[in-house]
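Working notes, beginning with the structure itself.
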Protein chains: 2
Amino acid sequence: MITIKDIARVAGVSHTTVSRALNGNPLIKKATRDKIERIAAEMNYVPNYSAKSLVTKRSFIIGLFFSSIEQGTSSSFLVDAIKGITHILDENYNLTVNGIDGVQHFSNIQPQRFDGILVMSQSDEDNAFIYHVKKTGIPLVVLNRQLEDPGIMNVVANDREGVKEAIDYAVQQGHRKLAIIEGKPGFKSSSERKQGFLDSLIAGRLPLNPDYFAPGDYSIESGYAAMSKLLSLEDRPTAVFCSNDDMAIGAMNACYAHKVQVPEQISLIGFDDMMFARYTNPALTTVRKPIAEISELGITMLIQLLQQPETPPQQLFVNTSLVVRDTVAGI
Amino acid sequence: MITIKDIARVAGVSHTTVSRALNGNPLIKKATRDKIERIAAEMNYVPNYSAKSLVTKRSFIIGLFFSSIEQGTSSSFLVDAIKGITHILDENYNLTVNGIDGVQHFSNIQPQRFDGILVMSQSDEDNAFIYHVKKTGIPLVVLNRQLEDPGIMNVVANDREGVKEAIDYAVQQGHRKLAIIEGKPGFKSSSERKQGFLDSLIAGRLPLNPDYFAPGDYSIESGYAAMSKLLSLEDRPTAVFCSNDDMAIGAMNACYAHKVQVPEQISLIGFDDMMFARYTNPALTTVRKPIAEISELGITMLIQLLQQPETPPQQLFVNTSLVVRDTVAGI
DNA sequence: AACTAAACTGAAATCGTTAACAATTCCATG
DNA sequence: CATGGAATTGTTAACGATTTCAGTTTAGTT
């Protein structure tokens, strides 16, 4: 492996000059700089990042942390996030992917190891981790889950608004008996989406039937089970909002199993707009949650934070949008 | 940040002794070691990985490279791989996730930056990258795509066998007119699966109808298009093998659109067994490809390779298995 | 021509760790 | 009680970069 000293020898200058030339230090004369750059290129020089890190105290590693990657995180979610980030992040940085639940020792999370951290948070339980990171002083952006703390940079979708819009649409189509299959208890998104659902019903002065609130946990299976329960009701709802698309798919399966026609007999609305939503049968009407955009915005903010640590934390919202397909019928 | 020198001062020994004690060097007396470990724990010492890396020339970073993460890689694929790896990999290592198509400068891939590299390869085009890595001497394991080169550690599923088994099953159900929707041209998996398809037809002495070979590219859309073409044939096939589940979903949608009943009028077989395969309607009969197992085996081999660089490269096969659900009817 | 400020380059220290080699301590032995 | 080898521990020099501070050119003024 060749080092700046090798280059210095060839160029007939000191290694200090080489370091400066290669790092764009303005003190170096153009002629010298050009010569050094040429030689460095010829010799296929690549800086030793460990040495660089040791003295500059930067690791060139950005950590992306999910609540969990083993469970509860749907795959489109994870992928869209990674896509959004690698799309923006330049090649000098390495992106590492971890599950918070896999972090045994918080002590492994320190400034020397991560230049910045993105947390794709789904649950309040992430708070311990988030506050640890904050305490270490590592630049931090929390995505996807709205935080109470205004001291942390936060990028989220307005789930609540998005759901309200979708339910408004269903109401407008004539539905009066609306049910919800709720998300995983404890997840902020679950309560946000439920709130949006309630907002719409209340705005429309519709009755709230306790039977129409079915518990779920974001898994396909739970959607199936919840829907089965709703279908067994004497007074069935005419439309069901599923707190994510996975559960909507489970719900749709339950309808098939019970020989209930979608949307003729019951309407369905999902949330996320994952890749397959367009390809269910019938195609799923859902609320699009722009995870890729959230991630892109998040990494952009993080880079900003790396360059200007004094950037004041803000809370940024990304808009969801209603995607009308074929699972909601007019009444 | 506290260093081994701080600990040394407190413990009244030299920093070398501290280093040795903390690294399990057998030369250190038990009493001394215990004392040092206690102090280190009390002081919340965490080693500086940059410094460690600089002198040991190990980066504690494992790179996971996909052919692309922007396109062509289905999300369940990416996620299952990450899951499998993080499941095995211990916390001292960082896992970075990259797309080969995002690597601008091969020079960034050097031993000082990666202790080991896993390539989840889908295309011959990855070869340039793979051989660059091999040349640098970074321990390397290539997953998912079978290589010609016996000098590289390689973990793959026996796609061909798996497909043959699936087609044999369809034949056994009475099908004689079988079509295939092929995978992305240039991808090794595409030709392997096609071979498995051919193997079965040939073994069953069935005719090969050129109309029954429809091109695809692994995307849902291409499955839809290919199926539409097959359905428009005068002499339709009775069963269609789709080279992955995404295309099977597209194909199923085409059937719906053309009001063709699955499996009554046409049978469908997929490949991968992704999470949603169980939840299509009807549930998809498919070949399960154990990406998580492949990844786990791969990272295990890689760790082996890190510890014993002289481990001879081998080619390991992981078995696929036929998952019978509801898209293949008897004739 | 002499002087001075600006422009540029270099020497040496530093980051936190490991490792080669040297030095010390400890005990059993003669 | 000296002695010698084994068992421990310490000294010092890397590793490859950046940075501080000092030194040398260069160019501009008088």
Side-chain angles (χ1 to χ4, degrees), chain A residues 1-37 39-40 43-61 92-94 107-108 110-115 136 306, chain B residues 1-37 39-40 43-61 92 107-108 110-115 136 306:
Chain A
M1 275 294 105
I2 85 144
T3 74
I4 50 172
K5 288 187 186 165
D6 299 324
I7 297 179
R9 203 173 315 117
V10 174
V13 296
S14 78
H15 70 277
T16 310
T17 303
V18 175
S19 171
R20 281 200 268 252
L22 262 24
N23 286 300
N25 186 312
L27 288 181
I28 302 296
K29 192 164 37 168
K30 178 135 190 343
T32 320
R33 176 194 312 285
D34 287 348
K35 180 173 160 201
I36 291 175
E37 279 174 348
I39 295 177
M43 298 179 77
N44 284 318
Y45 168 74
V46 248
N48 181 315
Y49 276 80
S50 304
K52 236 183 155 95
S53 296
L54 182 56
V55 48
T56 61
K57 294 172 186 340
R58 301 196 302 145
S59 62
F60 301 96
I61 296 179
N92 288 334
Y93 283 97
N94 267 322
S107 57
N108 275 337
Q110 349 128 248
Q112 17 168 275
R113 271 198 115 169
F114 296 97
D115 280 358
T136 64
L306 295 186
Chain B
M1 274 294 104
I2 87 145
T3 75
I4 50 172
K5 288 189 182 161
D6 299 324
I7 297 178
R9 202 172 316 118
V10 174
V13 297
S14 78
H15 70 276
T16 309
T17 302
V18 175
S19 171
R20 282 200 268 253
L22 262 22
N23 286 301
N25 185 314
L27 288 181
I28 302 295
K29 193 168 31 171
K30 179 139 188 341
T32 320
R33 175 193 313 284
D34 288 348
K35 180 173 160 202
I36 290 175
E37 278 174 348
I39 295 176
M43 298 179 77
N44 284 317
Y45 167 75
V46 248
N48 181 315
Y49 276 80
S50 305
K52 239 183 152 98
S53 296
L54 182 57
V55 49
T56 60
K57 294 171 185 340
R58 300 198 301 147
S59 63
F60 301 96
I61 296 179
N92 288 335
S107 57
N108 275 336
Q110 350 129 249
Q112 25 170 265
R113 268 196 120 171
F114 296 97
D115 280 359
T136 64
L306 296 185

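A, B, ... follow the sequence lines: proteins, then strands. Residue 1 opens every chain. The model shown is predicted, which means the values in this text are computed figures rather than measured ones.
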field: Touch class at under 4.0 angstrom, heavy-atom based, for A:Thr32 against every strand present
entry: sugar-phosphate
task: Round to a whole Å and report the spacing from CZ of A:Arg58 to C1' of D:dT19.
output: 15 Å
task: Quickly work out the A:Leu27 CG to D:dT19 C1' distance and round it to whole Å.
output: 12 Å
task: Could you grab the distance from atom CD1 of B:Ile39 to atom NZ of B:Lys35, nearest 0.5 Å is fine?
output: 5.5 Å
query: Is the A:Tyr49 ring parallel, tilted or perpendicular to the A:Phe60 ring (thresholds 30°, 60°)?
result: perpendicular
message: Once you apply a heavy-atom cut-off of 4.0 Å, does B:Ser53 come out as touching a base, just sugar-phosphate, or nothing?
response: nothing
field: Main-chain N/O of A:Thr3 paired with A:Asp6 side-chain donor or acceptor, under 3.5 Å
entry: yes
- prompt: For B:Lys52 and C:dT18, is the shortest distance between a side-chain N/O and OP1 or OP2 below 4.0 Å?
  reply: yes
task: Mark yes when over 12 heavy atoms from residues, nucleotides or ligands other than B:Met1 sit less than 6.0 Å from its CE; otherwise mark no.
output: no
task: Figure out the NZ/P separation between A:Lys30 and D:dT26, and round it to whole Å.
output: 19 Å
message: So, OP1 or OP2 of D:dG16: does either fall under 4.0 Å of a side-chain N or O from A:Tyr45?
response: no
task: For B:Ile28 and for B:Gln112, find the nucleotide of DNA chain D with the closest heavy atom, then tell me which residue's nucleotide is more 5'.
output: B:Ile28
N/O (side chain, B:Asn48) to phosphate O (OP1/OP2, C:dC15) under 4.0 Å: no
Table of protein N/O atoms under 3.5 Å from nucleotides 10-14 of chain C N/O atoms:
unit_1: C:dG10; atom_1: OP2; unit_2: A:Ser14; atom_2: N; d: 2.9
unit_1: C:dG10; atom_1: OP2; unit_2: A:Ser14; atom_2: OG; d: 3.4
unit_1: C:dG10; atom_1: OP2; unit_2: A:Thr17; atom_2: OG1; d: 2.6
unit_1: C:dG10; atom_1: N7; unit_2: A:Arg20; atom_2: NH2; d: 2.7
unit_1: C:dG10; atom_1: O6; unit_2: A:Arg20; atom_2: NH1; d: 3.2
unit_1: C:dG10; atom_1: O6; unit_2: A:Arg20; atom_2: NH2; d: 2.7
unit_1: C:dA11; atom_1: N6; unit_2: A:Thr16; atom_2: OG1; d: 3.3
unit_1: C:dA12; atom_1: N6; unit_2: A:Thr16; atom_2: OG1; d: 3.4

- prompt: How close or far is atom P of D:dG10 from atom CZ of B:Arg9, stated in whole angstroms?
  reply: 14 Å
task: Supply the atom-to-atom distance A:Ile28 CD1 to A:Thr16 OG1, rounded to the nearest 0.5 angstrom.
output: 9.0 Å
message: Using whole Å, what does the distance between atom P of nucleotide D:dA14 and atom NZ of B:Lys57 come to?
response: 13 Å
field: Between P of D:dT9 and CD1 of B:Ile4, the distance in whole Å
entry: 15 Å
- line: B:Lys5 NZ to D:dA13 C1', in whole Å, measures 12 Å
query: Judged by atom type as modelled, is there a donor-acceptor pair below 3.5 Å linking the side chain of B:Asn23 to the main-chain atoms of B:Asn25?
result: no
query: In whole Å, what is the span from the CG atom of B:Leu22 to the C1' atom of C:dT17?
result: 11 Å
message: Can a side-chain donor-acceptor contact be found between B:Thr17 and B:Ser14 if the only test is distance below 3.5 angstrom?
response: yes
